[in-house]
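Quick caveat: nothing in here was measured; it's all calculated off a predicted structure.
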Amino acid sequence: MSQFHGAAASDEPLQLSLLHGFPSTAAAATGPALAARLPVARVRLESSLPHLDRPFDYSVPATLDTAAQPGVRVKVKFNGQELAGYLMDRVAESDAGHPLVPLHKVVSPVPVLVPAVAELAARVAARYAGSVSDVLRVAVPPRMAKLEKDLAPEGVLDPALFADDAAGAGASIPAGLESSGWASYRNGPAFLQHLNAGESPRAVLSALQGFGAGGWPRLIAEAVAAVRLSGRGAVVVVPDYRDLDRVEAALLQILPAGDIARLTADDGQTPRYRSFLRILSGAAGVAVGTRSAAYAPVHHLGLVVCWDDGDDLHIEQRSPYAHSREVLLLRAEQEGAACLLAGHTRSTEAQRLVEAGWARPVEADRSVVRRNVPRVLNTADSYELEHDPLARVARLPGAAWRAAKDGLERGPVLVQVARAGYAPSLACENCREPARCPACSGPLAIAGATGSSAVPQCRWCSTPAAAWRCTTCNGVRLRRGATGALRTAEELGRAFPGKPVITSSGDRVLATVPDSKALVVATVGAEPVAAGGYAAALLLDGDSLLRRENLRAGEDAVRRWFNAAALVRPAGEGGLVVITADDATGVGALLRWDPSGYAQRELSLRQELQLPPSVRVASITGGRTAVGHFSQAVEQQLAAQGIVLRTAGPAPLVLAAAPGQAGTQGKAAGTAEEDVRTLLFIPYGQAAHVTKVLRAVKVAAAAKRTDDPVQLRLDGVDVL
């Protein structure tokens, strides 16, 4: 019996075989008249249950024949409940061997799920061993009934109804791009020429400037314009709303306003759904947005673009935790589209694509780099330490102070710090042990800029700790373990009296700042853009970024340094970047402005150690018993295919709590059911077989329900 027709797997409970779209024979005999042509509908249920992740067959009543077309939203009866789903296909007959339950309702006659996106969702689910339903939840936005009634009253979207969206700002597509900023990059003009000719080149761009008219948003806009001249569409995915605003503004300088659709949940459900319908109708040929924009149903797709693919905001926060870069790569392969991965740095994943020959590097010559980037000074090098012996321990060395003082005479100065808040971590004054909450063992912090008189509180449960006492030495005095953005702003305000201090961190992240003489204190990733560029930048707390217990700590720190430095004026205009980190490799890459060299070295080390991205990694997390059973089932099925993987674990997620402290996850360490994690390292040549097995074991475990559920995650950046 085909898996597409609701047949129950042999390891599912017996009662499920009676629920997969099959009524009793008596009920079917009294059912409604069926459609004369293609009377069987294959429906994908909106369910997160792994064992329901497949299409089920339903009959199509004659009354729903016209509306029940592939791609529409439907309601069906399943196990006595009414569930939502998508009609995937219509066929002539079902080989299920049972009478079928009729479709209950067509929610909307608008076919919101196009075949290309349905196929992409299946590929993404297969890559991440997840369910198609979870992917479709991201790909298709929630329905706005009023919009559909206004724009598609009969279920047919008319592009002319979106004419009002073309009014206002925007320009016509230029006939040529001879004066393009891509001329400054090797392989840049050739990339545009191939796009304009209707071809599908693949490139990894190392952009230089992050501000002004010649910044990276203009480069992306010109690439999109080139592919639009060939009559094809484009999808552009960026990490957050600030990048989205900049790319959209750059596109509006080149393309007609009606040709651009903005897709982001931050705009609200109604504007997002209107943009989705514009793309679906073909009224807009360019989709630009955050993660979900990767699935936009653009007609005749010719180019996919991902900006700053190393940013973890590209990772979907819900199962199957797909990364925008991987979704776009799958889509480019599926639809034969061009691909552009762009950033100020190059991720190790992008470097792997370059070394494999899948993509070509697009980067500037050294002479061009020297003209366009700021001068970089490291306070931890031997020359600076000889002139300032305390530079290694001072948070603001003399060179950094002088750079800020001189920069403020010419424009804004950026100060990058690692942590938000005032004192984001506290420690015992006597023994230097981290201060923990007496209630839940969470870290203590001072949130507001109220100085030493503030009462510390727990960052997990928010419980005040006025009467705190150290469990190690019985001390009662606290000291700051780290200095946050607010405390830094307060100190700089005293160091530079009369100069305004602007903060961008936490819940108050700024997109832009004026070109006035001011200090701009921002946490990593929250640096606002100054239209004319910063006169100087101080990159503080670099060692704190490097000390994170993560495989990608160095790579991520370098990416954040380059992103901040790219906002500074060129050295010829007095631009200066001062960094205080003591890391020869990462800081050396910034001093030379050589992101590709750093990525090459990092990838080489990962390949030597067989760590991601040279291999794929799967993490199995849950109770010890459930993880053990899941891992054993996977190993047995892989062994039958002659595949043996390198594994690590199971290991506890947290170490045992210190004496006198409570556990942090509600399960006592050392018990049989403590939370553990097992890692599987998967060579790319075996990835397709392994992910298929992982998915099958996940489905079987969900159907049996004998163990607690486990979390299966592939390529998670935070597990190593």
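Each of D308, D311, D309 was checked for a side-chain hydrogen bond (donor to acceptor under 3.5 Å, both in side chains) with S347, and the lone residue meeting it is D309. Just one residue in the list N378, V376, V373 forms a side-chain contact (heavy atoms from CB on, under 4.5 Å) with L590, and that residue is V376.
For the pair R616 (side chain) and D715 (backbone), a donor-acceptor distance under 3.5 Å is absent. Between the E555 side chain and the T348 main chain, a donor and an acceptor come within less than 3.5 Å of each other. In this structure, the side chain of Y534 does not engage the main chain of G575 through any donor-acceptor pair within 3.5 Å. S631 places a side-chain N or O within 3.5 Å of a backbone atom of V627 that can act as its donor or acceptor partner. A distance-only check finds no donor-acceptor pair linking the side chain of Q686 to the backbone of Y684 [under 3.5 Å]. Side-chain atoms of S504 come within 3.5 Å of backbone N or O of L510 as a donor-acceptor pair. In this structure, the side chain of E527 engages the main chain of G525 through a donor-acceptor pair within 3.5 Å. No donor-acceptor distance shorter than 3.5 angstrom exists from the side chain of R331 to the backbone of V235, with no hydrogens or angles considered. With hydrogens and angles ignored, the 3.5 Å screen pairs a side-chain donor or acceptor of W468 with a backbone N or O of R436. When atom types are taken as modelled, the side chain of R713 and the backbone of A618 share no donor-acceptor pair closer than 3.5 angstrom.
Nearest heavy atoms, G407 versus V413: C-CG2, 3.6 Å. Considering every non-hydrogen atom in both A129 and L712, the closest pair reads CB-CD2, 3.8 Å. When all heavy atoms are compared, the tightest approach of T463 to C437 is CB-SG, 4.4 Å. In terms of heavy-atom proximity, S319 sits nearest to D134 at O-CB, 3.3 Å. Of all non-hydrogen atoms in Q351 and S596, the two that sit nearest each other are OE1-O, 4.0 Å. Shortest non-hydrogen contact noted between T523 and S505 is CG2-CB, 3.5 Å.
By the 4.5 Å heavy-atom criterion applied to side chains, V577 and L539 are counted as neighbours. In this structure the side chain of T585 reaches within 4.5 angstrom of the side chain of Y598, judged on heavy atoms. Between L340 and V304, every side-chain heavy-atom pair lies at or beyond the 4.5 Å cut-off. Within the 4.5 Å cutoff, the side chain of L611 has heavy atoms near those of the L551 side chain. Residues L576 and P374 are not in side-chain contact: their nearest non-hydrogen atoms beyond the backbone lie 4.5 Å or more apart. D240 is not listed as a side-chain neighbour of L244, based on a closest heavy-atom distance of 4.5 Å or more. Within the 4.5 Å cutoff, side-chain heavy atoms of Q607 are placed close to those of E355. Contact annotation: the side chain of V415 approaches that of L540 to within less than 4.5 Å [non-hydrogen atoms, C-beta and beyond].
Here the SG-CD1 distance, from C306 to I220, works out to 9.0 Å after rounding to the nearest 0.5 Å. If you take CD1 on I620 and CZ on R677, they are separated by 11.0 Å, rounding to the nearest 0.5 Å. The distance from the CG atom of L341 to the CZ atom of R202 is 11.0 Å, given to the nearest 0.5 Å. Taken from OG in S619 to CG in D718, the straight-line distance is 7.5 Å, to the nearest 0.5 Å. The CD atom of E333 sits 5.5 Å away from atom CH2 of W358, with the distance rounded to the nearest 0.5 Å. One finds the CG atom of L679 at 9.0 Å from the OG1 atom of T647 (value rounded to the nearest 0.5 Å).
Checked against side-chain contact (heavy atoms from CB on, under 4.5 Å), E326 has the following partners two or more places apart in sequence or in another chain: R127, Y128, H323, L329.
For the residue pair Q711 and Y321, a side-chain donor N or O sits within less than 3.5 Å of a side-chain acceptor on the partner. A donor-acceptor pair shorter than 3.5 Å cannot be found between the side chains of R559 and T345.
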Run the numbers on L414 and V568 for side-chain contact (heavy atoms from CB on, under 4.5 Å), then give the verdict.
-> CA-CA 8 Å; L414 174 66; V568 181; 5.6 Å; no
Q416 vs V524, side-chain contact (heavy atoms from CB on, under 4.5 Å): CA-CA, chis, key distance, verdict = CA-CA 6 Å; Q416 183 194 71; V524 287; 3.5 Å; yes
Give the C-alpha distance, both sets of side-chain angles, the deciding distance and a yes or no for side-chain contact (heavy atoms from CB on, under 4.5 Å) between V305 and V237.
-> CA-CA 6 Å; V305 182; V237 180; over 6 Å; no
CA sep, side-chain torsions, deciding dist, call: V513, V529, side-chain contact (heavy atoms from CB on, under 4.5 Å) | CA-CA 6 Å; V513 292; V529 179; over 6 Å; no
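Of the charged side-chain nitrogens involved, none lies within less than 4.0 Å of a carboxylate oxygen, so that E349 and R352 do not count as a salt-bridged pair. One finds a salt bridge joining R548 and D556 here, because a Lys/Arg side-chain nitrogen approaches an Asp/Glu carboxylate oxygen to under 4.0 Å. A salt bridge links D365 with R186: the closest approach of a Lys/Arg side-chain nitrogen to an acidic carboxylate oxygen falls below 4.0 angstrom. With respect to the salt-bridge test (charged N to carboxylate O, under 4.0 angstrom), the residues R601 and D594 do not qualify. Between E363 and R346, at least one side-chain N (NZ, or NE/NH1/NH2) sits under 4.0 Å from a carboxylate O, which counts as a salt bridge.
Heavy atoms of other residues, nucleotides or ligands lying less than 6.0 angstrom from CZ of R242 number more than 12.
Note: H344 and W307 meet the aromatic proximity criterion, with ring centroids under 6.0 Å apart.
In this structure, R246 fails the cation-pi test against F211, since its NZ or CZ atom is not both closer than 6.0 Å to the six-membered ring centre and inside 45 degrees of the ring normal.
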